[in-house]
There are 2 protein chains.
Amino acid sequence: MLYLRYLVAENAMMVWVVDYKDLQVFQSVATTLHLGRVSQQLHMSASTLSRRLSKIEQEVGACLIDRGVSPWQLTPAGELFRQYVEQTLSSWQQLRRNVSQHISDLAGSLTLYCSVTASYSVLADVLSRFREQYPRVDLRVHTGDAAESIARVEAGDADVVIAARPESLAAHLTFKTIAHSPLLFIAPKSINSVAALHHTPIDWSQVPMVLSEQGLARTRVNQWFQGQGIEPHVYAQVSGNEAIVSMVALGVGVGVVPELVLRNSPMANRVRIMPIQPELEPFAIGLCARAERLSDPLVHALWKTAAL
Amino acid sequence: MLYLRYLVAENAMMVWVVDYKDLQVFQSVATTLHLGRVSQQLHMSASTLSRRLSKIEQEVGACLIDRGVSPWQLTPAGELFRQYVEQTLSSWQQLRRNVSQHISDLAGSLTLYCSVTASYSVLADVLSRFREQYPRVDLRVHTGDAAESIARVEAGDADVVIAARPESLAAHLTFKTIAHSPLLFIAPKSINSVAALHHTPIDWSQVPMVLSEQGLARTRVNQWFQGQGIEPHVYAQVSGNEAIVSMVALGVGVGVVPELVLRNSPMANRVRIMPIQPELEPFAIGLCARAERLSDPLVHALWKTAAL
DNA sequence: CGCAAATATAGCATTTTACGCAAAGCTGAA
DNA sequence: TTCAGCTTTGCGTAAAATGCTATATTTGCG
């Protein structure tokens with residue numbers, strides 16, 4: 001006769017990898033008691049389902065389903081687990097309800113100002129996420145010239161603006177970057193329209209440039225030309241990045257615009273991006289507000305939401 | 001002014017991938033409120049931990065931790081979630097206790113009979129697993145000749161036997177395969193000791209064979225020789241596979257034994273395995289019991305345990 | 001104001017895990 | 001005993017998680 005002396009640690013194989021999906025799976029199985037049907041119902045192959053059940057049983061530490069009979073039957077442990085799953089899942093949903101309830105308690109109104117440039121790419125993201133979590137906050141969004149944005153926050157016309165980060169930021173303002181957009185040189189699609197581009201290397205003094213009248217983009221371009229030791233031939237100075245794309249498309253000359261402006265421009269397919277080295281320093285797009293406004297729960301909430 | 005019309009489905013991004021590990025992680029973080037310390041404590045890199053927290057927040061649908069202060073602080077939603085986690089984890093452990101309680105309630109005694117051959121490989125597996133789940137069951141294991149095993153179940157001397165599956169199984173017996181072991185031809189290490197093996201192809205009529213007196217192994221060997229149209233030269237008939245290995249090791253002739261007997265034989269390094277084609281049909285090792293005994297909860301439990 | 005420490009994120013290589021398909025194994029019924 | 005349907009397993013591939021490193025932020029503290 002053989003005497004046993006196997007000692008098995010209680011939680012030896014526990015890895016705590018059961019997730020809520022597993023619980024849902026088990027719930028379906030416990031209801032349907034038929035692997036094939038459940039696998040169809042849950043759009044997963046029978047093998048996946050089978051393995052998932054095994055994993056669960058291993059984690060729970062007991063055989064949960066008596067597969068020896070048809071239809072399947074829950075073992076006593078399985079029945080216990082079924083009840084547990086029911087309770088746990090409902091408790092999880094309950095939590096989510098509570099949380100979203102809690103969250104959506106925030107109410108009030110928030111005024112945003114957004115440069116047209118910025119509105120193209122970032123606005124939708126920021127707003128949809130915020131809207132999801134705080135449906136009861138009344139959002140008012142104004143769009144306008146980028147140059148105005150900082151003034152708007154300072155004046156208090158807007159709680160938050162979405163704009164490119166200015167070269168220098170006043171001390172009482174806070175900025176949160178949420179995206180970057182490179183500054184691109186663009187030329188007409190038909191290179192013939194700007195004869196000077198035919199030379200290699202390009203003789204920039206002969207290239208008619210279409211640039212922003214002022215603002216960050218212009219600053220960056222000036223810095224770039226200066227760094228190259230070049231005196232550009234500025235053909236036209238425009239207010240508003242959108243117009244630059246149009247003018248370039250018409251063959252007037254070469255322009256510089258943020259990538260996201262170009263991406264959203266109806267003229268985008270009528271210009272081409274020039275591979276320029278070194279690249280211009282990209283724009284940082286983000287949120288800007290007066291520092292003291294961050295204590296406002298709504299502003300704070302928006303700030304956090306955008307962070308994700 | 002821009003009016004919003006974003007409709008965000010309530011559970012849009014839910015993928016239900018939060019597992020218990022995540023809950024543990026959050027619990028640690030909620031207690032320690034310090035990423036670095038927790039990452040050490042839990043043996044994971046800071047980046048992993050950070051990502052994991054983000055995932056959790058996304059699943060819960062709210063920002064749970066205010067990272068803007070030091071030390072961190074739970075948001076209201078975070079506090080809610082912390083309580084939830086506490087409750088859920090304890091409930092999970094409770095379930096496991098209940099289940100193992102439930103499981104280990106099974107008590108009584110079970111008598112196993114096990115052929116020496118089978119005991120080498122399978123017994124430990126089967127028993128340790130069973131022992132883990134049903135610690136209160138008193139297991140009595142007898143070992144003995146394989147040929148006797150079927151008789152033992154039929155007589156009721158053993159509730160279950162572990163043995164090779166016989167060629168034909170009486171109707172009132174059930175068998176559950178849990179392992180396979182190939183049947184191997186073995187020859188002495190020094191080939192010189194059996195001169196007939198020097199020819200190619202082997203002239204089997206000249207090779208002295210050491211075979212089981214009877215039993216499954218013998219049947220298989222007979223079938224094999226018959227299939228080859230060969231009349232073997234049976235030099236010795238032995239009872240018990242173990243003895244065959246010894247005799248072959250001594251240079252008496254060529255034998256046939258299950259792989260697992262060979263693996264566990266102290267003589268294993270004094271014989272060599274012959275690459276024989278076609279291979280003999282392997283043994284099926286498993287559990288055997290009288291069909292009606294399966295209704296006994298203990299037997300049933302053993303049956304299920306062995307299945308995993 | 002800026003510096004130092006802590007935290008977050010991106011990119012990458014590597015390991016782990018999950019999945020589906022096909023093949024093998026098992027169960028129940030003819 | 002054999003057959004058909006249901007399950008499980010083997011295996012190659014796809015997806016996800018993780019650690020590391022580098023970099024950008026952010027907080028706390030002079």
Side-chain angles (χ1 to χ4, degrees), chain A residues 15-19 21-22 25 29 32-40 42-59 63 65-73 165 168-172 174-180 281-282 284-287 291 294 303-304 306-308, chain B residues 15-19 21-22 25 29 32-40 42-58 63 65-73 165 167-169 171 174-180 282 284 286-287 291 294 303-304 306-308:
Chain A
V15 267
W16 301 78
V17 288
V18 194
D19 60 30
K21 194 78 197 163
D22 287 319
V25 166
V29 172
T32 309
L33 292 171
H34 187 291
L35 187 142
R37 256 188 288 289
V38 175
S39 79
Q40 280 196 295
L42 267 53
H43 310 293
M44 56 175 72
S45 73
S47 69
T48 298
L49 186 47
S50 171
R51 265 185 289 240
R52 250 185 139 127
L53 289 175
S54 297
K55 187 185 79 177
I56 296 173
E57 289 185 315
Q58 191 181 318
E59 288 283 310
C63 172
I65 299 167
D66 184 352
R67 297 152 165 91
V69 293
S70 181
W72 282 356
Q73 202 174 325
R165 178 180 200 139
S168 73
L169 200 62
H172 59 287
T174 324
F175 190 93
K176 181 173 200 68
T177 307
I178 51 185
H180 291 273
E281 191 182 334
I285 317 289
L287 268 40
L294 275 182
W303 221 255
K304 288 297 170 188
L308 294 176
Chain B
V15 264
W16 301 77
V17 288
V18 192
D19 60 31
K21 194 79 195 162
D22 288 319
V25 166
V29 172
T32 309
L33 293 170
H34 187 293
L35 186 141
R37 260 189 286 288
V38 174
S39 79
Q40 281 195 295
L42 267 52
H43 310 293
M44 56 175 70
S45 73
S47 72
T48 298
L49 186 48
S50 176
R51 272 183 294 218
R52 217 155 172 160
L53 289 176
S54 297
K55 187 186 80 177
I56 296 173
E57 290 185 316
Q58 190 180 320
C63 172
I65 299 167
D66 183 354
R67 298 149 162 97
V69 292
S70 177
W72 282 354
Q73 202 175 324
R165 176 177 202 141
E167 204 76 46
S168 72
L169 200 62
T174 323
F175 190 91
K176 179 170 202 71
T177 307
I178 52 186
H180 291 274
L287 267 42
L294 274 183
W303 220 254
K304 289 297 168 186
L308 294 177

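Proteins come first, then strands; the chains are lettered A, B, ... in the order of their sequence lines, and each starts at number 1.
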Among the nucleotides [options], which one has an atom lying closest to any side-chain atom of [X]?
X: A:K55; options: D:dA17, C:dA6, C:dA18; result: C:dA18
X: B:T48; options: C:dT9, D:dT18, C:dA8; result: D:dT18
X: B:S54; options: D:dT25, C:dT9, D:dT8; result: C:dT9

Could you state the atom-to-atom distance from CE of A:M44 to P of D:dA15 in whole Å?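 Computing the A:M44:CE to D:dA15:P distance gives 16 Å.
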
So, OP1 or OP2 of [N]: does either fall under 4.0 Å of a side-chain N or O from [X]?
X: B:H34; N: C:dT7; answer: yes
X: B:S47; N: D:dC20; answer: no
X: B:K176; N: C:dC26; answer: no
X: B:R67; N: C:dA8; answer: yes

In terms of heavy-atom contacts, B:L53 and B:W72 come closest through CD1-CZ3, 3.9 Å

Report the residue (B:W72 or B:R165) whose heavy-atom-nearest nucleotide on DNA chain C is the more 5′ of the two.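 Mapping each residue to its closest nucleotide by heavy atoms, the 5'-most match is B:W72.
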
Considering heavy-atom distances to DNA chain C, does B:A46 or A:R51 have its closest nucleotide positioned more toward the 5' end? B:A46

Between B:R52 and A:F175, name the one whose nearest nucleotide on DNA chain D is closer to the 5' end.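 This one resolves to B:R52.
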
